[in-house]
Structure formats: C-alpha cells, structure tokens
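Here the structure comes first, spelled out in structure tokens, and everything after it is commentary.
All figures in this text were calculated on a predicted structure; none of them were measured in a lab. Atoms considered below: every heavy atom in the structure, side chains included; atoms not considered: hydrogens, waters and symmetry mates.
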Amino acid sequence: MTETTRLRLDVSYDGGDFSGWAAQPTRRTVAGVLIEALRRLAGPDAELGLTVAGRTDAGVHATGQVCHIELPTELWETLRGSLLRRLAALMPPDARVKAVTEVPGTFDARFSATFRRYEYRVADTPYGPDPLRRHDTLGWVRPLDLGRLNAAAEGLVGLHDFAAFCKRKEHATTIRAITRLDWRRDPDGIAVATVQADAFCQAMVRSLVGAMLTVGDGRRDPGWPAKLLTLRERSSEVTVAPAHGLTLVEVGYPDEAEYAGRADATRRLRSAEE
C-alpha cells in the first residue's frame with residue numbers, strides 16, 4: 001500500500017454561490033471545487049479521504065471550516081512548500097484554503113472536534129446592511145433589543161432536545177449541548193449572535209436565530225424559545241433565518257495527544273444517540 005500523510009486544511013468560503021459543503025454530482029459545492037483542485041495535483045483517481053468538521057448548508061459561509069485529507073507521502077514531500085499557492089491558483093475566488101498542517105493519523109476533522117462556533121449577523125438599521133456586507137448580513141426591518149435577545153438566549157444554553165429547532169433525520173438524535181449563546185453589538189451597530197455547541201443538527205442555528213429575532217423585536221416573550229424545548233418535533237411557529245447571515249467561524253480541537261480519545265468518545269456517543 002502507498003504510504004500516506006494526513007493533512008489538516010483550514011478553509012474559508014463565501015457560501016452564496018455554493019449548494020452547501022457536500023459534493024453533489026450536478027451542483028456546485030465547496031467540497032466539489034476543493035476535490036477538483038486537489039485531484040489536479042494528486043491525479044484524477046486519487047482517494048483523498050476528505051472529511052469535514054461540519055457540513056454547512058447552501059448559502060452558509062465559513063471563515064474557520066476544517067477538513068482533513070490523505071495525500072501520498074511522496075507527493076506531499078514535493079508539495080510541502082507550495083501546496084497553498086498551488087491551491088490558490090486552482091480554486092475559485094469564493095473558496096480558499098488558508099492553512100495546510102501535517103497532523104497525526106489520529107486526527108479526525110469531524111470526530112476529534114470539541115466544538116463548532118457560528119456567528120449570525122443582523123442589521124436592524126433603517127437603511128439595512130452596508131452594501132459591502134450585504135452577502136453575510138441579514139437586514140431586519142424592526143429594531144432589536146439586545147437585552148431581550150440575550151434573555152431569550154439564556155434559556156437555550158445547556159443540554160436539551162432541540163427537536164423543535166431541527167430538521168429531523170431518521171434515526172438521528174436532536175439532543176445537543178449548547179455551551180455558548182449570546183448577542184452583542186459590534187462597533188458598526190450590527191447585532192451578532194454567537195452560538196457554540198459540541199455539534200448541531202440541520203437548520204438548528206438558523207432556527208434558533210429566527211426564534212430569538214421575534215423576541216428581540218418585541219413580538220414574542222423572552223421565555224418563548226425555551227418553552228419550545230418541551231416539543232419532540234419541529235415547531236411550525238419557528239421561522240428559519242436566511243442562510244446568508246450565518247458563518248462558521250471556528251472549530252475547536254483538544255491537544256494532539258487527545259485526538260484519538262476524543263474521536264472514539266464522539267463515535268460512541270453518536271452511535272448511542274442514534
């Protein structure tokens with residue numbers, strides 16, 4: 001067998017023109033353009049073993065996405081000093097590999113991760129988002145009260161069944177542990193939600209944001225989103241916030257010595273939950 005080297009790739013992309021992360025035969029996706037670029041270097045039939053920390057939906061952006069691949073060690077040795085530059089030349093301008101790091105075989109971009117952190121940007125100014133940020137910022141026509149937003153967020157932190165906020169998949173759990181959920185205003189006046197958890201189910205972050213926005217603009221009581229946690233199916237009252245305001249900003253990992261243990265524990269947990 002050919003000796004391979006595992007590489008961690010840190011990736012950023014503007015999700016506006018992508019149909020999400022996962023490769024699809026007839027659609028433009030982030031994984032699709034990345035695989036195409038890598039195979040131009042490694043060969044058309046290269047088995048890259050591409051694994052991502054979290055599959056983002058269509059229209060969602062990333063500044064801190066992480067994935068790993070396997071390259072033949074001999075090829076990696078020839079590309080070590082030039083891979084970033086070569087990928088920049090081969091990939092479209094709306095997707096970039098920002099860093100390539102050699103990692104041990106125990107590193108798993110998905111299962112070794114300890115958290116995923118997202119941010120959602122909302123402009124509630126009368127004139128809407130700044131033109132230069134319109135692709136990653138939602139315009140909200142009603143003024144938002146930061147105190148009400150944070151009061152709603154507080155009731156959602158912790159280990160809960162988020163079925164009311166998720167698109168359910170057969171045999172998949174909707175139990176998640178949110179470790180951080182809060183709102184701030186940046187110097188430019190934009191309201192920014194930060195959401196961090198061990199993992200997320202499909203549409204969960206945008207559903208949480210959609211629910212909290214109706215609290216922030218005064219249409220719902222601050223305790224309403226938390227009350228939905230008693231439901232065991234998706235709530236028709238929750239509107240999913242548009243994808244373009246959401247960005248994956250960071251994926252966290254333990255120390256190198258703990259990669260394997262974390263990956264094994266996550267696999268066992270997911271198997272038990274499912």
Closest contact, heavy atoms only, Cys67 versus Val11: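 Between these two residues, the closest heavy atoms are SG-CG2, 4.0 Å.
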Partners meeting side-chain hydrogen bond (donor to acceptor under 3.5 Å, both in side chains) with Asn150 (sequence neighbours left out):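 By the side-chain hydrogen bond (donor to acceptor under 3.5 Å, both in side chains) rule, Asn150 matches no residue at all.
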Partner residues of Asp188 under the side-chain hydrogen bond (donor to acceptor under 3.5 Å, both in side chains) criterion, sequence neighbours left out: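 Scan of Asp188 (side-chain hydrogen bond (donor to acceptor under 3.5 Å, both in side chains), adjacent residues dropped) gives none.
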With [X] via ring-ring contact (aromatic ring centres under 6.0 Å, His included) - residues at least two apart:
| X | value |
| --- | --- |
| Tyr118 | Phe200 |
| Phe107 | Tyr253, Tyr259 |
| Phe162 | His160 |
| His244 | none |

Donor-acceptor pair, side chain of Arg27 and main chain of Ala23, under 3.5 angstrom: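 Such a contact is absent between Arg27 side chain and Ala23 backbone.
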Sidechain-backbone polar pair: Ser112 side chain, Ala109 backbone, donor-acceptor under 3.5 Å: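 Not a single qualifying donor-acceptor pair exists.
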Which residues pass the side-chain contact (heavy atoms from CB on, under 4.5 Å) test with [X], not counting sequence neighbours?
| X | result |
| --- | --- |
| Asp221 | none |
| Asp145 | Arg148 |
| Glu74 | none |

Residue pairs fulfilling ring pair (Phe, Tyr, Trp, His ring centres under 6.0 Å) with at least one residue in residues 135-154, sequence neighbours excluded: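 For residues 135-154, and leaving out neighbouring residues, there are no ring pair (Phe, Tyr, Trp, His ring centres under 6.0 Å) pairs at all.
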For residues 48-59, which side-chain donor-acceptor pairs fall under 3.5 Å, sequence neighbours excluded?
residue, atom, partner, partner atom, Å
Thr51, OG1, Gly49, O, 3.3
Thr56, OG1, Tyr13, OH, 2.6

Path from Leu248 to Val97 over hydrophobic side-chain contacts below 4.5 Å: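 In one cluster with Leu248: Val97, no.
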Point-to-point distance, once rounded to the nearest 0.5 Å, from CG of Leu246 to CZ of Arg206: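 One gets 7.0 Å once the value is rounded to the nearest 0.5 Å.
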Single hit among Arg8, Arg6, Arg80 for salt bridge (charged side-chain N to carboxylate O under 4.0 Å, His left out) with Glu102: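 Running salt bridge (charged side-chain N to carboxylate O under 4.0 Å, His left out) over Arg8, Arg6, Arg80 with Glu102 returns exactly one hit, Arg80.
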Within-4.5 Å side-chain heavy-atom neighbours: Leu38 and Ile69: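 When only atoms from C-beta onward are counted, Ile69 and Leu38 do touch, with a gap below 4.5 Å.
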Ion pair check, Arg28 and Asp94, cut-off under 4.0 Å: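 Between Asp94 and Arg28 there is a salt bridge, with a charged N closer than 4.0 Å to a carboxylate O.
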Under 3.5 Å, side-chain donor or acceptor atoms of residues 223-233 against the rest of the protein: list the pairs with distances, not counting sequence neighbours.
residue, atom, partner, partner atom, Å
Thr230, OG1, Lys227, O, 2.9
Arg232, NH1, Leu229, O, 3.0
Arg232, NH1, Thr230, O, 3.3

